[in-house]
K.L.:
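To start, I am sharing the structure in question, which I have written as structure tokens.
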Amino acid sequence: QVQLVESGGGLVQPGGSLRLSCAASGRIFITNTMGWFRQAPGKERELVARINSGGSTNFADSVRGRFTISRDNAKKMVYLQMNSLKPEDTAVYYCNANIVPVLGLSPGNYWGQGTQVTVSS
């Protein structure tokens, strides 16, 4: 089984920074695109940022220039550095990864359990 475990959420004041981490573990043959989504109360889950295995990234317009995403392929980890945080960034942040668990199988889409980020004074 593949597991994604997030860490690094919490409460931060507007203008502050947080770094989220996500570790993939279990039966993993290839890790393709990894990314972060978020879901605020009463809203749909939305893409925040993603990075493919070659390091190419894309970001939601609302976070471009404030957030960066990176990955460590050897450690099977993805990170989200969030700077200049705003109250509207408050949400549960979910790690997502497209993973081939075993050679010959189709890739699957996996999710972490989510970590709360609250931006408030």
Side-chain angles (χ1 to χ4, degrees):
Q1 281 287 50
V2 175
Q3 287 188 320
L4 301 179
V5 178
E6 303 104 333
S7 60
L11 173 64
V12 63
Q13 292 187 342
S17 298
L18 279 177
R19 187 188 192 219
L20 304 183
S21 300
C22 173
S25 63
R27 203 166 193 181
I28 298 172
F29 179 65
I30 294 174
T31 306
N32 295 316
T33 298
M34 303 183 80
W36 294 91
F37 288 70
R38 68 186 180 187
Q39 188 166 19
K43 294 188 177 182
E44 294 187 355
R45 191 173 297 189
E46 62 175 1
L47 173 69
V48 176
R50 58 189 171 199
I51 181 169
N52 67 17
S53 57
S56 296
T57 60
N58 63 299
F59 297 88
D61 289 343
S62 59
V63 307
R64 189 174 292 112
R66 299 188 296 122
F67 291 10
T68 58
I69 187 171
S70 59
R71 63 189 285 172
D72 184 327
N73 290 328
K75 295 182 179 179
K76 298 183 179 62
M77 294 195 67
V78 63
Y79 308 96
L80 185 68
Q81 178 66 44
M82 305 184 292
N83 298 327
S84 302
L85 282 160
K86 304 175 181 180
E88 50 263 45
D89 295 316
T90 295
V92 178
Y93 283 69
Y94 296 91
C95 178
N96 172 264
N98 184 270
I99 291 172
V100 178
V102 177
L103 175 64
L105 293 183
S106 299
N109 202 31
Y110 297 87
W111 294 91
Q113 81 287 354
T115 186
Q116 177 70 45
V117 171
T118 302
V119 185
S120 175
S121 55

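In this chain, residues are counted from 1 in sequence order. Everything numeric in this text was worked out from a predicted model, so none of it was measured.
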K.L.:
Should Thr68 and Tyr79 count as side-chain neighbours, where that means a heavy-atom distance under 4.5 Å?
P.N.:
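Not touching, per the 4.5 Å side-chain cut-off.
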K.L.:
Between Tyr94 and Arg38, is there a cation-pi geometry (under 6.0 Å to ring centre, at most 45° from the normal)?
P.N.:
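So Arg38 doesn't make the cation-pi contact.
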K.L.:
Please identify which of these residues, Leu80, Asn96, Asp89, meets the side-chain contact (heavy atoms from CB on, under 4.5 Å) condition with Val48.
P.N.:
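Testing each of Leu80, Asn96, Asp89 against Val48, the sole residue satisfying side-chain contact (heavy atoms from CB on, under 4.5 Å) is Leu80.
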K.L.:
Taking all non-hydrogen atoms of both residues into account, name the closest pair between Met77 and Ser21 and its distance.
P.N.:
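Closest approach of Met77 to Ser21, heavy atoms only: CE-CB, 4.0 Å.
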K.L.:
Is it the case that the side chains of Arg71 and Asn73 hold a donor-acceptor pair, with the cut-off being a distance below 3.5 Å and no angle test?
P.N.:
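Side-chain D/A pair, Asn73 to Arg71: present.
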K.L.:
Please say whether more than 12 non-hydrogen atoms of neighbouring residues, nucleotides or ligands are located less than 6.0 Å from CD in Gln3.
P.N.:
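Counting neighbours around CD of Gln3, 12 or fewer heavy atoms of other residues, nucleotides or ligands fall under 6.0 Å, so no.
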K.L.:
Assigning hydrophobic clusters by single linkage (Ile, Leu, Val, Met, Phe, Trp, Tyr; side-chain heavy-atom cutoff under 4.5 Å), is Leu20 placed with Val12?
P.N.:
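Leu20 and Val12: one cluster.
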K.L.:
Hey, could you give me the CE/SG distance between Met34 and Cys95, rounded to the nearest 0.5 Å?
P.N.:
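Answer rounded to 0.5 Å: 5.0 Å.
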K.L.:
Write down the atom of Pro107, the atom of Val100, and the distance for their closest heavy-atom approach.
P.N.:
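Residues Pro107 and Val100, closest heavy atoms: CB-CG2, 3.7 Å.
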K.L.:
What's the separation between atom OG in Ser106 and atom CD1 in Ile99, rounded to the nearest 0.5 Å?
P.N.:
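CD1 of Ile99 is found 14.5 Å from OG of Ser106.
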K.L.:
Would Asn58 and Arg50 count as a side chain to side chain contact (heavy atoms under 4.5 Å, CB included) here? Give the steps.
P.N.:
CA-CA 6 Å; Asn58 63 299; Arg50 58 189 171 199; 2.9 Å; yes
K.L.:
How close do Ala49 and Phe59 get, counting heavy atoms only, and between which atoms?
P.N.:
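Minimum heavy-atom contact is CB-CD2, 3.4 Å.
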K.L.:
Are Phe37 and Trp111 an aromatic pair, judged by ring center distance below 6.0 Å?
P.N.:
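Ring-ring flag for Trp111/Phe37: true, centres closer than 6.0 Å.
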K.L.:
Does any part of the side chain of Ser17, heavy atoms only, come nearer than 4.5 Å to the side chain of Met82, both counted from C-beta?
P.N.:
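When only atoms from C-beta onward are counted, Ser17 and Met82 do not touch, as no gap falls below 4.5 Å.
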K.L.:
Could you tell me whether the side chains of Thr90 and Glu88 share a donor-acceptor contact shorter than 3.5 Å?
P.N.:
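Absent: no donor and acceptor within the cut-off.
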K.L.:
Which atoms form the tightest heavy-atom contact between Leu4 and Ala24, and what is the distance?
P.N.:
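Taking every non-hydrogen atom into account, CD2-CB, 3.4 Å.
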K.L.:
Could you tell me whether the side chain of Leu18 reaches within less than 4.5 Å of the side chain of Val117, counting heavy atoms only?
P.N.:
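A side-chain contact exists here, since the closest heavy-atom pair is under 4.5 Å.
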K.L.:
For Val78 and Ile51: C-alpha separation, side-chain torsions, deciding distance, then whether side chain to side chain contact (heavy atoms under 4.5 Å, CB included) applies.
P.N.:
CA-CA 9 Å; Val78 63; Ile51 181 169; 4.0 Å; yes
K.L.:
Please examine the side chains of Val63 and Trp36, heavy atoms only from C-beta on, and report whether any two atoms are closer than 4.5 Å.
P.N.:
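The answer is no, as the side chains (C-beta and beyond) never meet within the 4.5 Å cut-off.
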K.L.:
Work out which heavy atom in Pro101 is nearest to a heavy atom in Val2; give both atom names and the distance.
P.N.:
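What the structure gives for the nearest pair is CB-CG2, 4.4 Å.
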K.L.:
Establish, from distance only, whether the side-chain atoms of Asn32 and Ser53 form a donor-acceptor pair under 3.5 Å.
P.N.:
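No - no donor-acceptor pair under 3.5 Å links their side chains.
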K.L.:
Between Asp61 and Arg64, does at least one N-O distance fall below 4.0 Å, as a salt bridge requires?
P.N.:
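The answer is yes: the pair qualifies as a salt bridge.
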K.L.:
Under 4.5 Å between side-chain heavy atoms, hopping through other hydrophobics if needed: is there a path connecting Phe67 to Ile69?
P.N.:
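Linked within one cluster.
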K.L.:
May I ask you to test the Gln113-Glu6 pair for a side-chain heavy-atom distance under 4.5 Å?
P.N.:
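In short, these two side chains touch, coming nearer than 4.5 Å.
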K.L.:
Do Pro14 and Lys86 touch side chain to side chain, with heavy atoms closer than 4.5 Å?
P.N.:
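A side-chain contact is absent here, since even the closest heavy-atom pair is not under 4.5 Å.
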K.L.:
Is it true that a side-chain atom of Arg66 and a backbone atom of Ser84 form a donor plus acceptor pair closer than 3.5 Å?
P.N.:
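Checked: pair present.
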K.L.:
Hey, are the side chains of Val102 and Arg27 touching, using non-hydrogen atoms and a 4.5 Å cut-off?
P.N.:
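Of all side-chain heavy-atom pairs linking Arg27 with Val102, at least one is under 4.5 Å.
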